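On a predicted model such as this, the values are computed, not experimentally measured, just so you know. As a basis for the values below, the full set of heavy atoms in this structure was taken, side chains included, without hydrogen atoms, waters or symmetry mates. Here is how names work: the chains are called A, B, and so on, in the same order as the sequence lines, proteins then strands, and each is numbered from 1.
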Number of protein chains: 2
Amino acid sequence: MPMSARPRRITIEDVARSAGVSRQTVSRAVNDKPEIDPATRQRVLRVAQSMGYRPSRFARGMVGPRLTTLGLVIADVLNPFFPEVVSGVLAAADERGWQVAVYSTGSALERETAVARTVVDHVDACVAFLLDPGAIELIHRSGMPFVLLDNEHRPPSVSGGRIDFATGMRHAVGHLVERGHRRIAMLDDRGRPDAGGHGTRHSLFLGAAAEHGLPADGEWVFPAANSLEGGAAAMDDVLAGGFGATAVLGYNDLIAIGAMRRARDRGMRVPEDCAFVGCDGLTLSRLVDPPLTTLTVDKELLGRAAVRQVAAQMTGAGAGETVIVPRLVVRASS
Amino acid sequence: MPMSARPRRITIEDVARSAGVSRQTVSRAVNDKPEIDPATRQRVLRVAQSMGYRPSRFARGMVGPRLTTLGLVIADVLNPFFPEVVSGVLAAADERGWQVAVYSTGSALERETAVARTVVDHVDACVAFLLDPGAIELIHRSGMPFVLLDNEHRPPSVSGGRIDFATGMRHAVGHLVERGHRRIAMLDDRGRPDAGGHGTRHSLFLGAAAEHGLPADGEWVFPAANSLEGGAAAMDDVLAGGFGATAVLGYNDLIAIGAMRRARDRGMRVPEDCAFVGCDGLTLSRLVDPPLTTLTVDKELLGRAAVRQVAAQMTGAGAGETVIVPRLVVRASS
DNA sequence: CAGTGCTCCGTGAACGCTCACGGGAACGTT
DNA sequence: AACGTTCCCGTGAGCGTTCACGGAGCACTG
């Protein structure tokens with residue numbers, strides 16, 4: 001028995017030969033074209049089926065109208081921030097008849113370059129949450145339409161979508177000050193390589209605190225892993241530090257909720273002993289106990305806007321920027 | 001100014017001509033092949049860049065080793081059940097070097113056929129949550145590797161992954177009975193077309209109830225929309241019906257949590273006045289107040305297993321079935 | 001009977017790329 | 001001086017499909 005290296009693909013020609021017709025007739029049968037005898041169609045279809053024939057996407061794409069595949073790079077599907085963005089992207093892409101391929105970096109900075117490389121080869125346009133400048137450059141260089149989301153250090157020549165946390169942080173801190181808080185700790189995402197850099201929530205928080213005459217140096221900012229557990233651990237640090245913080249502001253809802261739960265587990269009352277405020281406005285934040293005060297961001301809109309920008313670039317538009325303004329939703333946690 | 005119909009694509013030939021070299025040399029430059037003069041490569045690359053040249057995915061796919069794209073059809077990214085499955089699928093696909101295209105039906109049965117049609121044309125294999133027999137048939141007919149998830153009426157010739165709720169329901173009902181409950185209501189997902197059919201949670205619940213000598217007719221099952229709001233509304237029905245239910249079992253966590261919150265809003269104590277049990281084991285269920293007792297399902301594993309089955313079919317394996325056994329996690333809600 | 005229309009089917013060509021091969025120039029080797 | 005090597009580069013072929021065209025067969029018309 002000869003070893004068949006790679007079983008050659010079954011082509012339209014094979015089916016044609018086997019059914020005693022021409023390529024074109026097989027094509028007509030498979031694609032439901034009208035100019036074919038119904039009996040012939042059935043026969044051809046049967047032969048095709050029995051041979052296990054499947055038309056090649058690539059050959060089709062070569063000739064017919066091309067399908068655009070949009071690459072969507074997110075950090076982690078399990079992070080509840082992203083599903084809403086994905087939802088917006090899927091909807092907006094669907095409206096345009098585009099396909100969406102989702103890639104996840106698993107929140108690992110070192111994987112970003114590898115993901116970027118695949119993206120460059122396999123999609124026609126890209127919407128991405130990326131932090132590594134190399135990965136960003138890679139995609140940008142490829143020349144494909146590209147929108148970078150939630151990155152404060154986006155090169156000016158690439159389109160982006162960002163959330164106006166400058167305004168948001170002012171509202172959040174203002175709200176806490178109104179409630180009488182003077183000692184506010186922030187739990188920052190330690191996974192970001194640009195911790196404390198210009199435009200980050202970290203520095204915007206310090207700025208807003210300073211505006212209200214609060215202590216505003218790095219001492220009040222605690223690094224936390226981007227997860228419930230990370231928030232909880234960081235809360236431990238806050239408590240252990242003896243800062244006497246009466247309010248905690250999380251980089252996002254996940255961290256804030258993790259911290260809040262840890263505080264409760266330690267016997268603290270929320271918001272009496274310590275108030276909590278998050279960022280992002282996850283659905284989740286409404287459901288926890290107590291419901292979390294949070295800077296709500298329309299994440300679905302962020303996704304839709306990104307697709308819109310990609311579409312604009314396809315028709316030759318230059319780099320642009322979309323800004324989403326967060327809205328403070330006050331709930332029982334503060 | 002003549003109207004340019006569709007701006008013809010920039011091909012490798014265009015770049016070659018413009019750079020004064022051959023196709024092959026451009027190809028070598030673009031693909032980082034060694035047999036080319038560094039100076040020439042730079043020049044070609046610059047020309048390509050300036051012309052906005054981007055190699056055609058399709059033409060590449062025609063000749064080179066083909067990339068497999070796996071289609072993943074889910075009901076709704078916003079339903080927290082799915083992200084975990086997606087995560088498993090992405091990971092398992094990535095291990096095999098596959099791409100994953102995600103499609104969402106938006107939980108709309110009537111959209112399933114349309115989605116199925118796109119899927120058939122655009123991917124090489126498919127993992128899907130689908131209910132409409134027509135849509136399922138469409139994909140199955142196409143002959144592509146196909147795994148159907150969480151569908152009790154799967155045709156025997158198509159592979160599937162299912163959750164063993166027969167065992168699960170017995171555990172859940174048994175647990176409630178142990179706690180002294182005799183009047184248990186179930187909140188069913190009314191979106192499923194096969195309500196009450198064989199193998200559904202609905203009928204498995206009734207079976208388990210009967211085993212424990214509880215009242216077990218359809219009266220105790222209430223239809224609910226698959227969402228928090230749906231669960232809440234269904235809880236109103238339970239209360240209005242005057243059944244004196246002391247425990248409620250949800251089709252899934254979402255419905256159970258919605259119901260539980262509504263019960264609390266109506267002044268009931270959980271679990272004293274009414275106990276709640278969910279299905280799925282969402283992360284969310286740990287975070288609500290009180291934490292929800294639930295039949296936990298390893299959703300990530302479900303996704304991984306589905307990909308494994310698809311891979312098996314690619315190498316010629318026949319239809320198979322994966323069964324995931326849920327595990328009852330008892331928390332404060334019961 | 002020639003002409004006209006319709007139905008069904010087959011034959012080049014083209015899509016844009018990579019692979020396999022071959023060839024010329026420049027250099028060193030016998 | 002003739003011959004091998006190495007380095008670059010170009011040419012034909014082929015991937016699997018659809019589109020545009022043309023042609024055969026038949027029925028119906030004038």
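Side-chain contact between B:Val73 and B:Cys126: present, with at least one pair of heavy atoms (C-beta onward) separated by less than 4.5 Å.
Between the B:Glu112 side chain and the B:Asp132 main chain, a donor and an acceptor come within less than 3.5 Å of each other.
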Show your reasoning for whether salt bridge (charged side-chain N to carboxylate O under 4.0 Å, His left out) applies to A:Asp124 and B:Arg57.
-> CA-CA 8 Å; A:Asp124 307 302; B:Arg57 291 198 338 263; 2.4 Å; yes

When you look at B:Asp150 and B:Lys299, which way does the salt bridge (charged side-chain N to carboxylate O under 4.0 Å, His left out) test go after all the steps?
-> CA-CA 11 Å; B:Asp150 192 30; B:Lys299 296 161 288 295; over 6 Å; no

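Taking 4.0 angstrom as the limit, A:Lys33 places none of its side-chain polar atoms (N or O) nearer than this to OP1 or OP2 of C:dC8.
In this structure, the CG atom of B:Asp121 is 14 Å from the C1' atom of D:dT18, given to the nearest Å. Straight-line distance from the CD atom of A:Glu13 to the C1' atom of C:dT11: 11 Å, rounded to whole Å.
Salt-bridge formation is detected for the pair A:Glu95/A:Arg304: a Lys NZ or Arg NE/NH1/NH2 atom is positioned less than 4.0 Å from an Asp or Glu carboxylate oxygen. Remark: A:Arg162 does not engage A:Glu152 in a salt bridge, criterion side-chain N to carboxylate O under 4.0 Å. With salt bridges taken as basic N to acidic carboxylate O contacts below 4.0 Å, none links B:Asp37 and B:Arg43.
Between the axis at the start and the axis at the end of the helix from C:dC1-D:dG30 to C:dT30-D:dA1 there is an angle of 60°, using five pairs per end and rounding to 10 degrees.
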Between protein and nucleotides 9-16 of chain D, map the contacts as a letter string: B base, S sugar-phosphate only, - none, heavy atoms under 4.0 Å, written 5' to 3'.
-> BBBBB-BB

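In this model, a donor atom of one side chain and an acceptor atom of the other lie less than 3.5 Å apart for A:Ser159 and A:Gln313.
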